[in-house]
Amino acid sequence: MKLISVVTGCFNEEDNVEELHSRIGAQFERLPAYDYEHIFIDNASTDATVARIKALAANDRRVKLIVNSRNFGHIRSPMHALLQARGDAVIAKASDLQEPPELIPEFVRRWEQGYRVVAGVRSGVQRTAAMSLVRRAFYTTIGRISETRLIPNFTGFGLYDRSVIEVVRQVDDPYPYFRGLIADIGFEHAEVPFVQPQRTRGISKNNFYTLYDLAILGITSHSKLPIRLATMAGFALSGLSLLVAIGYLAYKLLRWDQFSVGMAPVVIGFFFFASVQLFFIGILGEYIAAIHTQVLRRPLVVEKERVNFDAGSTES
């Protein structure tokens, strides 16, 4: 009997984990040919999330729990859990119930058809128009500048064959942009559209910084265009400055007694070029920060505790 691993990252989701466990179990009742394990990885929750998962694990040996020693963020923690899964296929999903567990049978069906990656793709989102516009702009931008074709509106929710997980393990990226990494691997994938519902319990753990971090990670991981734009803009502005200087010199020579520059052009030009320089220094800094993260080679997470894992089952 094939084993499917369901991997769920959570942080302060005490109101959702029990319903999530129940709904996932109901889906596998429709898949009697498969066994499953449900791996929760908790990012040092401060509420009763860990206690409730432990209660589930006490009554269901298929429920497994990894508790991190601290909050390692929404990028490193889920990746670590994926690498601990031992199933023939691995399903990654969040714990906020905004990624419907009811898609699991369809994921498995497409996997049985031979697809190594089955991506859950948002065809619609029940959220504010402003946030939808920002997300759409981001996916459009990164899709155009990326050196590989990314899967539009894909957030990582999906099914991955064991062979895909082994390739991810070999990449050994300490701070991976997972959705881009899946596209970069290049296996043929199937897309399963869904409408993302609004969160009904708890609050989103994403904020401006986490979304900005994810966006910059995606850009620096999969495109050299921003840094090359900085180089090209530097050449273009240098040429423009030279032309303006020549023009001022010629005008001064021709109108020696009448020409007066004044302070306004000087001040405007100074602030313009200073802002351009700071902007592109910032872009350069983001790429250097990405390199710095790679060079440090820190572990994805440090575990505090494991529940229902067999002895010696730890994988890196």
Side-chain angles (χ1 to χ4, degrees), residues 1-10 13 16-42 52-66 77-122 151 154-169 178-179 182 185 187-194 196-197 306-315:
M1 180 178 290
K2 289 185 177 181
L3 176 69
I4 296 178
S5 300
V6 180
V7 173
T8 302
C10 51
E13 295 288 356
N16 290 322
V17 292
E18 292 169 342
E19 180 180 345
L20 177 65
H21 169 258
S22 175
R23 288 170 62 178
I24 288 176
Q27 302 315 307
F28 279 97
E29 289 179 0
R30 301 167 54 190
L31 300 168
Y34 295 94
D35 193 9
Y36 78 99
E37 62 177 3
H38 188 177
I39 301 175
F40 288 93
I41 184 164
D42 182 81
R52 295 192 179 187
I53 297 174
K54 285 183 176 180
L56 294 173
N59 295 317
D60 185 353
R61 292 289 301 176
R62 292 171 299 190
V63 175
K64 301 181 179 183
L65 171 64
I66 299 172
S77 183
M79 174 62 75
H80 178 73
L82 282 173
L83 299 181
Q84 312 313 304
R86 58 187 180 91
D88 298 285
V90 181
I91 295 174
K93 71 178 310 301
S95 56
D96 55 12
L97 299 178
Q98 292 184 282
E99 297 170 344
E102 288 71 26
L103 293 182
I104 289 176
E106 178 63 15
F107 286 170
V108 173
R109 186 181 72 83
R110 303 304 294 270
W111 177 52
E112 290 173 339
Q113 293 175 352
Y115 292 101
R116 298 195 206 185
V117 174
V118 183
V121 176
R122 293 183 301 197
I151 304 173
F154 170 58
T155 61
F157 174 44
L159 179 147
Y160 310 97
D161 185 79
R162 164 56 53 185
S163 61
V164 177
I165 300 299
E166 291 306 316
V167 172
V168 171
R169 187 188 306 280
F178 182 72
R179 62 192 78 175
I182 291 299
I185 290 172
F187 288 131
E188 185 178 5
H189 70 276
E191 297 182 8
V192 177
F194 71 97
Q196 184 182 61
R306 283 188 168 214
V307 177
N308 279 355
F309 282 86
D310 297 331
S313 65
T314 303
E315 298 182 58

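Keep in mind that what you see is a predicted model, and the values were worked out from it rather than measured. Just so you know, residue 1 is the first one in the sequence shown, and it goes up from there.
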Original post:
Quick one: are R179 and I151 in side-chain contact, heavy atoms under 4.5 Å?
Top reply: no
Subject >> Partner set under ring-ring contact (aromatic ring centres under 6.0 Å, His included) for Y34, not counting sequence neighbours >> reply: none
Original post:
How far apart are the closest heavy atoms of A94 and E99, and which atoms are they?
Top reply: N-OE1, 2.7 Å
**OP:** List the atom of R30, the atom of Q27, and the distance in Å for their closest heavy-atom pair.
**Re:** NH1-OE1, 2.9 Å
Original post:
Out of curiosity, Q84 CD to I41 CD1, how far, rounded to the nearest 0.5 Å?
Top reply: 7.5 Å
Subject >> Partners passing ring-ring contact (aromatic ring centres under 6.0 Å, His included) against F40 (at least two apart in sequence or in another chain) >> reply: H38
Subject >> From Y160, F157, F154, residue fulfilling ring-ring contact (aromatic ring centres under 6.0 Å, His included) relative to F178 >> reply: Y160
Original post:
What's the shortest heavy-atom distance between S5 and G87, and which atoms?
Top reply: OG-N, 2.9 Å
**OP:** For a side-chain contact (heavy atoms from CB on, under 4.5 Å) with C10, tell me which candidate from N16, I53, D96 qualifies.
**Re:** I53
Original post:
How many angstroms lie between CZ in R169 and CD in E166, if you round to the nearest 0.5 Å?
Top reply: 4.5 Å
Subject >> side-chain contact (heavy atoms from CB on, under 4.5 Å) between H189 and Y115, intermediate numbers included >> reply: CA-CA 6 Å; H189 70 276; Y115 292 101; 5.6 Å; no
Original post:
Which pair of heavy atoms, one from V192 and one from V118, lies closest together, and at what distance?
Top reply: CG2-CG1, 3.7 Å
Original post:
Closest heavy-atom contact between P100 and F194?
Top reply: CD-CD1, 3.6 Å
Original post:
Any idea which heavy atoms bring M1 and A33 closest together, and the distance?
Top reply: CG-O, 3.3 Å
**OP:** Can you measure from NZ (K93) to CG (L20) and round to the nearest 0.5 angstrom?
**Re:** 5.0 Å
Original post:
Is any side-chain heavy atom of W111 less than 4.5 Å from a side-chain heavy atom of D88?
Top reply: yes
**OP:** Would you indicate whether the side-chain heavy atoms of V168 and I185 approach each other to under 4.5 Å?
**Re:** yes
Original post:
Under the side-chain contact (heavy atoms from CB on, under 4.5 Å) criterion, do L97 and E13 qualify, and how do the steps go?
Top reply: CA-CA 10 Å; L97 299 178; E13 295 288 356; over 6 Å; no
Subject >> Interatomic spacing from CG in L31 to CD in E112 - rounded to 0.5 Å >> reply: 8.0 Å
**OP:** Please name all residues satisfying side chain to side chain donor-acceptor pair (under 3.5 Å) with R52, sequence neighbours left out, ordered by chain then number.
**Re:** none
Subject >> Residue from E37, K64, R61 passing side-chain hydrogen bond (donor to acceptor under 3.5 Å, both in side chains) with N308 >> reply: R61
Original post:
Who pairs with R109 by side chain to side chain donor-acceptor pair (under 3.5 Å), at least two apart in sequence or on another chain?
Top reply: E106
Original post:
By salt bridge (charged side-chain N to carboxylate O under 4.0 Å, His left out), which residues pair with E191, not counting sequence neighbours?
Top reply: none
Subject >> Student check: side-chain heavy atoms of R116 and E188 closer than 4.5 Å >> reply: no
**OP:** Enter the distance from I104:CD1 to I24:CD1 here, rounded to the nearest 0.5 Å.
**Re:** 5.0 Å
**OP:** Could you pull out all residues at least two apart from Y36 that satisfy ring-ring contact (aromatic ring centres under 6.0 Å, His included)?
**Re:** F28
Subject >> Pairwise distance CG(L65) to OG1(T8) - rounded to 0.5 angstrom >> reply: 11.0 Å
